[in-house]
Every structure is written in structure tokens, then in C-alpha cells.
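Read the structure below first, then the notes.
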Amino acid sequence: GENVEQHPSTLSVQEGDSAVIKCTYSDSASNYFPWYKQELGKGPQLIIDIRSNVGEKKDQRIAVTLNKTAKHFSLHITETQPEDSAVYFCAAVSGSARQLTFGSGTQLTVLP
Amino acid sequence: KAGVTQTPRYLIKTRGQQVTLSCSPISGHRSVSWYQQTPGQGLQFLFEYFSETQRNKGNFPGRFSGRQFSNSRSEMNVSTLELGDSALYLCASSLVGTGYDEQFFGPGTRLTVL
């Protein structure tokens, strides 16, 4: 089955700096890659996603890049703000499995 | 539109007991998935229901089961509880559950097994 690795497990940045979280996946059939943000006491919430026919997608301060050849994808957050502090999860979906396989999560802390 | 609701929010049980957790999906969503979240194993897929049928299942023992009702509400049951079952159990709903349609998560049920 699919295996998703996520790094780093913790990340601290100064407010206004950029943050990058990286994930690799194992199943070459995976073709959908969502990113979720989980705040304390809440369930994960989708923040951005990318499909395998696209190399990059941007939505205001967040962007995701995908390298299918290397089987890795990354989340980029620019101009970080304290409210960006949360746990971020990457995930992958393969057409056959039709289920989300999550990475282990990254605790992002934005320092004021 | 109301979000996904899960009840109860917190549960404390002892080993050997059984527990039932409930999930009400967003109105119009027909797919409900369940996940177990622990610090050690992260977010792991339990199973997915669509139109009252289990369509997909993760690698969990048979003690974990679920069902879905005609109104799309879902329940999951864990029998013969073990200490390792302590976790946050998350329910997510989506329109049709292809894997590509957005999954909306509830706040979870925190289960503690003593």
C-alpha cells in the first residue's frame, strides 16, 4: 500500500518568514495530494490540494509543488502569521485505494 | 451549512468494555470515513461507508466495526477495548467519497481506555 513520509516533524519560524514542509510518497499510482491543517481541539481542514497533472498550485500565501518523477510534494507558506501555527498533514490518494494515506504531521510554530 | 458533528466528544472506558461513537455528516454527503489519530501512529484510515455499505477498510482488527444508516449518519463500534485503543477518533464526510472529493472532518471523539 501507499506510504507517505513527512518532514520535518516540528518547525519554528519567525513571523513574516516562509515555511516549507516536504512529503514523499511510495505509490506511483497516487494522483491526488491534499494538505490539511489541524488546530488544537479541531479536526483537520483542507487548505490546498494538487492533482498529478499539475506541477504547482497557489492560493494566496500558500502554495504546493509536486514532482511526480521524484515522488515528492511540498507545502510552502509565505509571510507566516501567528494564526498559521498548527499541525499540518500531507496526504496521498491513489485511484485504486480511494482513501487518504496521511503523513505523520508537522507542528508549525510561528513566533511573534 | 452545519459541519460534521461527532458525539460524544469525550469518553472514558475500561479495558474489556465496548464503545459506540456517532457521526452526523454534512447534509447531502453520502460518504463517511473514520480515522484513528494517535501520537505514535498518526492518522490511520479505519473504514469508509457509502449508501449504508462498507466500501473500503483499513488494517484494523475485527474489533473495530461500523455501520451507516439511511440518513448517512454513521456509527463505529469498538469491542473488547484495549489500552492501545486510546485515541482521537475522527469522522469525515464527503459528497461521494471518491478519494478526490474534499473530506470534511468533525472535531473527533477522544477515547481514553483505562
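Side chains included, hydrogens not; waters and symmetry mates left out as well; all remaining heavy atoms used. In what follows, chains carry the letters A, B, and so on, assigned in the order in which the sequence lines appear, proteins first and then strands, with residues in each chain numbered from 1.
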Cluster link [X] to [Y], ILVMFWY, side chain under 4.5 Å:
{"X": "B:Tyr89", "Y": "B:Leu83", "result": "yes"}
{"X": "B:Leu46", "Y": "B:Leu43", "result": "no"}
{"X": "A:Val64", "Y": "A:Val20", "result": "no"}
{"X": "B:Val78", "Y": "B:Ile12", "result": "no"}
{"X": "B:Phe47", "Y": "B:Leu81", "result": "yes"}

Inspect the surroundings of [atom1] in [X] and state if more than 12 heavy atoms from other residues, nucleotides or ligands are less than 6.0 Å away.
{"X": "A:Gln60", "atom1": "CD", "result": "no"}
{"X": "B:Asn71", "atom1": "CG", "result": "yes"}
{"X": "B:Lys57", "atom1": "NZ", "result": "yes"}

| message | If we define contacts as heavy-atom pairs under 4.5 Å, which of A:Gly103, A:Pro44, A:Ser104 has the most with chain B? | response | A:Pro44

| Does the ring center of A:Tyr36 lie less than 6.0 Å from the ring center of B:Phe105? |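 A:Tyr36 vs B:Phe105: aromatic centres under 6.0 Å.
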
| Between A:Leu46 and B:Gln103, is any pair of side-chain heavy atoms under 4.5 Å apart? | no

| task | Could you check if a side-chain atom of A:Gln38 sits within less than 4.5 angstrom of a side-chain atom of B:Leu88, using non-hydrogen atoms only? | result | yes

| message | Using heavy-atom distances under 4.5 Å, tell me whether B:Arg9 contacts chain A through its side chain, its backbone, both, or neither. | response | side chain

| field | Under 4.5 Å from a heavy atom of chain A, the part of B:Leu90 involved | value |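 Contact with chain A involves the side chain of B:Leu90 alone.
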
| task | Might you work through the side-chain contact (heavy atoms from CB on, under 4.5 Å) test for A:Phe89 and B:Gln37, ending with a clear yes or no? | result | CA-CA 12 Å; A:Phe89 292 94; B:Gln37 185 174 21; 3.4 Å; yes

| query | Just how far is it from atom CD of B:Glu102 to atom CG of A:Asp49, taken to the nearest 0.5 Å? | reply | 7.5 Å

| message | To the nearest 0.5 Å, what is the distance between CD on B:Glu48 and CG on A:Leu100? | response | 10.5 Å

| ring pair (Phe, Tyr, Trp, His ring centres under 6.0 Å) between B:Tyr35 and A:Phe102, worked out | CA-CA 10 Å; B:Tyr35 296 84; A:Phe102 285 92; 5.6 Å; yes

| field | No-hydrogen, no-angle side-chain donor-acceptor test under 3.5 Å, A:Asn31 and B:Tyr100 | value | yes

